[in-house]
Amino acid sequence: MTVPHPAVLTGEDVFRIHWVLGTDRLLAVCHCTAEREFEDPVELWDWLLGHPDDHRPGAVVPV
């Protein structure tokens, strides 16, 4: 018996954080689709929770 995958969450309260393989960096993805890489998790959460300051949908802004 296989367990089905859960539905993907969406909405203004959903943030995604991905570990960038082979690095110590994290990729933050805001609900507005803006993305940015971080080394410090505190800065990452400040950026995500500070929406929409400095968010540009679809743009990856390296730190």
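Fair warning: this is a prediction, and the values are worked out from it, not measured in the lab.
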Report task. Find the distance between CG (Asp24) and CG (Asp40) and round it off to the nearest 0.5 Å. Result -> 12.0 Å

Report task. For residues Phe38 and Ile17, determine if any side-chain heavy atom of one lies less than 4.5 Å from a side-chain heavy atom of the other. Result -> no

Query raised in the report: Parallel, tilted or perpendicular: which fits the ring planes of His51 and His31, with parallel below 30° and perpendicular above 60°?
Result: tilted

Query raised in the report: Is there a side-chain contact between Leu27 and Glu35, using heavy atoms and a 4.5 Å cut-off?
Result: yes

**Report entry** Atom of Trp47, atom of Arg36 and distance for their closest heavy-atom approach
**Finding:** CD1-NH1, 3.4 Å

Query raised in the report: Where is the tightest heavy-atom contact between Leu26 and Trp19, given as atom of each residue plus distance?
Result: CD2-CA, 4.0 Å

Query raised in the report: Honestly curious: do Leu48 and Val42 fall in one hydrophobic cluster under the side-chain, below-4.5 Å linking rule?
Result: no

